[in-house]
Amino acid sequence: GWRRHGELQPGDQVFGSDGRPTRVLALSPETSMTMRVTTSRGEQIWCHPQHEWTVWSRRSRRWQTLTTAELASQPLHSGVLGQRGSRFLFQLPHAAPLQYPRQTLPMDPYALGYWLGNGTTGIPSVTHDRRDLAPVVAMVRAGYAVSAVHHHRGEGYERVQRTALAGLLAKRGVPCPLRCDLQSAGVLRHKHIPEVYLRSAIEQRLELLAGLIDSDGHVDPKGRVRFVTTSSDLAAGVLDLAEGLGFRPYRMETPAGTSSSGVVGRQAVITVGFQPTLPIPTRLQRKAISRLAPQRRV
């Protein structure tokens with residue numbers, strides 16, 4: 001989990017830029033953080049003028065270690081930001097995915113991700129386009145069989161709602177596996193990504209992300225991913241998930257409006273976007289990640 005800087009002590013472990021745990025050796029004396037550093041992603045970090053940064057200099061084309069004061073004393077970008085030809089002159093090193101141990105999870109990570117995106121809050125069912133059968137097959141293989149299918153037709157689309165073992169087995173006194181696992185995960189009436197999933201092994205987190213993308217995600221031809229939701233809790237979890245995998249995500253919020261089909265929204269729409277540097281095992285062919293971003297400096 002998270003620790004504040006002031007709580008760290010020699011012997012504690014933190015993550016290094018290689019994604020692996022590293023031990024805190026010593027503490028420096030307390031000083032005032034009087035300089036604010038803002039990254040191209042909008043992150044703001046308060047630090048001491050003598051705090052050291054290892055950066056790639058585009059001018060000298062080599063790695064340099066400079067203090068905050070030294071960086072502030074020289075131009076940080078060429079041209080006018082936002083205009084053609086402008087670019088930042090210093091880049092931070094790429095952060096590798098965080099290395100967590102494999103966890104025993106309450107339910108299959110792909111199934112959880114797909115339900116979080118396409119599931120009905122409080123009900124063990126998912127709604128999807130009638131042509132999107134691959135995610136349903138993945139959920140069945142994970143042990144969640146289908147007991148009922150309902151078709152919903154609209155203008156230009158047909159959606160299918162599949163209920164997993166809800167009614168038939170309940171009458172026999174047998175609990176619904178999907179309902180039980182959603183309750184164990186603590187998400188049945190509150191859609192969010194539980195902490196144990198965010199701190200699981202890379203393979204488990206990629207499976208979770210694949211389910212989220214196959215439900216409420218969009219992948220463009222360049223391999224860039226956008227996950228769209230109206231849930232601030234779910235958006236925060238997806239942002240944390242992508243950050244922990246080293247994907248450098250961004251978050252954008254759009255006020256409620258009217259869709260192209262005339263549906264009037266009541267909640268703000270939140271988009272979490274990123275470009276993966278690792279393969280994501282999506283099941284839908286149209287959401288396959290065809291191009292990965294190089295693990296370069298940022």
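This is a predicted model, so every value here is computed, not measured.
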Without swapping roles, check the side chain of Arg251 against the backbone of Val272 for a donor-acceptor pair under 3.5 Å.
-> no
| Leu76, Leu66: one ILVMFWY side-chain cluster at the under-4.5 Å cut-off? | yes
Between Thr282 and Ile289, the two heavy atoms sitting closest are OG1-N, 4.4 Å
One should read off an interatomic distance between Leu8 CG and Gln13 CD, to the nearest 0.5 angstrom, of 11.5 Å
| Are Leu208 and Val196 linked, directly or through other ILVMFWY residues, by side chains that come within less than 4.5 angstrom of each other? | yes
Scanning both residues in full, the closest heavy-atom pair of Thr230 with Gln267 reads OG1-OE1, 3.5 Å
Test item: Asp233 side-chain N/O and His192 main-chain N/O as donor-acceptor pair under 3.5 Å:
no
- request: Apply the test side chain to side chain contact (heavy atoms under 4.5 Å, CB included) to residues Tyr144 and Met107: give CA-CA distance (whole Å), side-chain angles for both, the deciding distance (0.1 Å), then the verdict.
  value: CA-CA 10 Å; Tyr144 307 116; Met107 68 177 292; 3.3 Å; yes
Check: Mind checking whether Tyr100 and Phe15 have ring centres under 6.0 Å apart?
Finding: yes
* **Atom CD of Glu43 with >12 non-hydrogen neighbours under 6.0 angstrom** => yes
The side chain to side chain donor-acceptor pair (under 3.5 Å) partners of Arg20 (sequence neighbours excluded) come to none
Output for pair (Leu112 CG, Lys191 NZ), nearest 0.5 Å, gives 10.0 Å
| said: Run Arg141 and Tyr110 through side chain to side chain contact (heavy atoms under 4.5 Å, CB included) and show every step you take. | reply: CA-CA 11 Å; Arg141 288 176 176 172; Tyr110 178 86; over 6 Å; no
**Report entry** Atom CD of Glu7: over 12 foreign heavy atoms under 6.0 Å
**Finding:** yes
What one should report as the nearest heavy-atom pair of Val126 and Met139 is CG1-SD, 4.2 Å
**Report entry** N/O donor-acceptor pair under 3.5 Å between Gln204 side chain and Gln103 backbone
**Finding:** yes
- Query: According to a 4.5 Å side-chain heavy-atom criterion applied to Ile, Leu, Val, Met, Phe, Trp and Tyr, with indirect links allowed, do Ile193 and Leu278 form part of one hydrophobic cluster?
  - Reply: yes
From the list Lys287, Arg283, Arg286, salt bridge (charged side-chain N to carboxylate O under 4.0 Å, His left out) partner of Asp132 resolves to Arg286
| said: Regarding Arg199 and Asp240, does a basic nitrogen lie under 4.0 Å from an acidic carboxylate oxygen? | reply: yes
Short side-chain to backbone donor-acceptor contact, Arg87 and Gly85, under 3.5 Å: no
Q. Is there a donor-acceptor pair under 3.5 Å between the side chain of Ser57 and the backbone N or O of Ser60?
A. yes
query: Counting N and O atoms only, with roles assigned by atom type, does the side chain of Ser86 sit under 3.5 Å from a partner on the main chain of Ser78, one being a donor and the other an acceptor?
result: yes
dist Leu98:CG -> Ser200:OG (nearest 0.5 Å) comes out at 11.0 Å
Answer whether the closest heavy-atom distance between the side chains of Gln275 and Arg248 falls below 4.5 Å. no
Does any N or O in the side chain of Arg58 come within less than 3.5 Å of the main-chain N or O of Phe88, such that one atom is a donor and the other an acceptor?
yes
To the nearest 0.5 Å, atom NE2 of His51 lies from atom CD of Glu70 at 12.5 Å
Side-chain donor-acceptor contacts of residues 215-229 below 3.5 Å, not counting sequence neighbours, with atom names and distances?
from	atom 1	to	atom 2	distance (Å)
Ser215	OG	Gly211	O	3.0
Ser215	OG	Leu212	O	2.9
His218	ND1	Arg226	NH2	3.2
Asp220	OD1	Lys222	N	2.9
Asp220	OD1	Gly223	N	3.0
Asp220	OD1	Arg224	N	2.8
Asp220	OD2	Arg224	NE	2.7
Asp220	OD2	Arg224	NH2	3.1
Thr229	OG1	Ser231	N	3.0

CZ of Arg179 to OG of Ser184, rounded to nearest 0.5 Å, is 12.5 Å
Here the pair of heavy atoms bringing Val37 nearest to Cys47 is CG2-SG, 3.8 Å
Point to revise | Any Trp56 side-chain heavy atom under 4.5 Å of Arg61 side chain | key: yes
* Distance-only, no hydrogens or angles: does the Glu207 side chain make a donor-acceptor pair with backbone N or O of Glu203 under 3.5 Å? -> no
For Pro194 and Val187 the tightest heavy-atom approach is CG-CG1, 3.8 Å
> Linking I/L/V/M/F/W/Y whenever any side-chain heavy atoms sit under 4.5 Å apart, do Ile202 and Leu292 land together?
Replying inline: yes
Worksheet item: Less than 4.5 Å apart, any side-chain heavy atom of Ile280 and any of Leu206?
Response: yes
Heavy-atom side-chain proximity of Leu241 to Phe247 below 4.5 angstrom: no
Trp115 and Leu188 have their tightest heavy-atom pair at CH2-O, 3.7 Å
Item to complete: Kindly work out whether a path of hydrophobic side-chain contacts (I/L/V/M/F/W/Y, heavy atoms less than 4.5 Å apart) joins Trp46 to Trp53.
Response: no
Here the gap from Asn118 atom CG to Asp129 atom CG, rounded to the nearest 0.5 Å, amounts to 10.0 Å
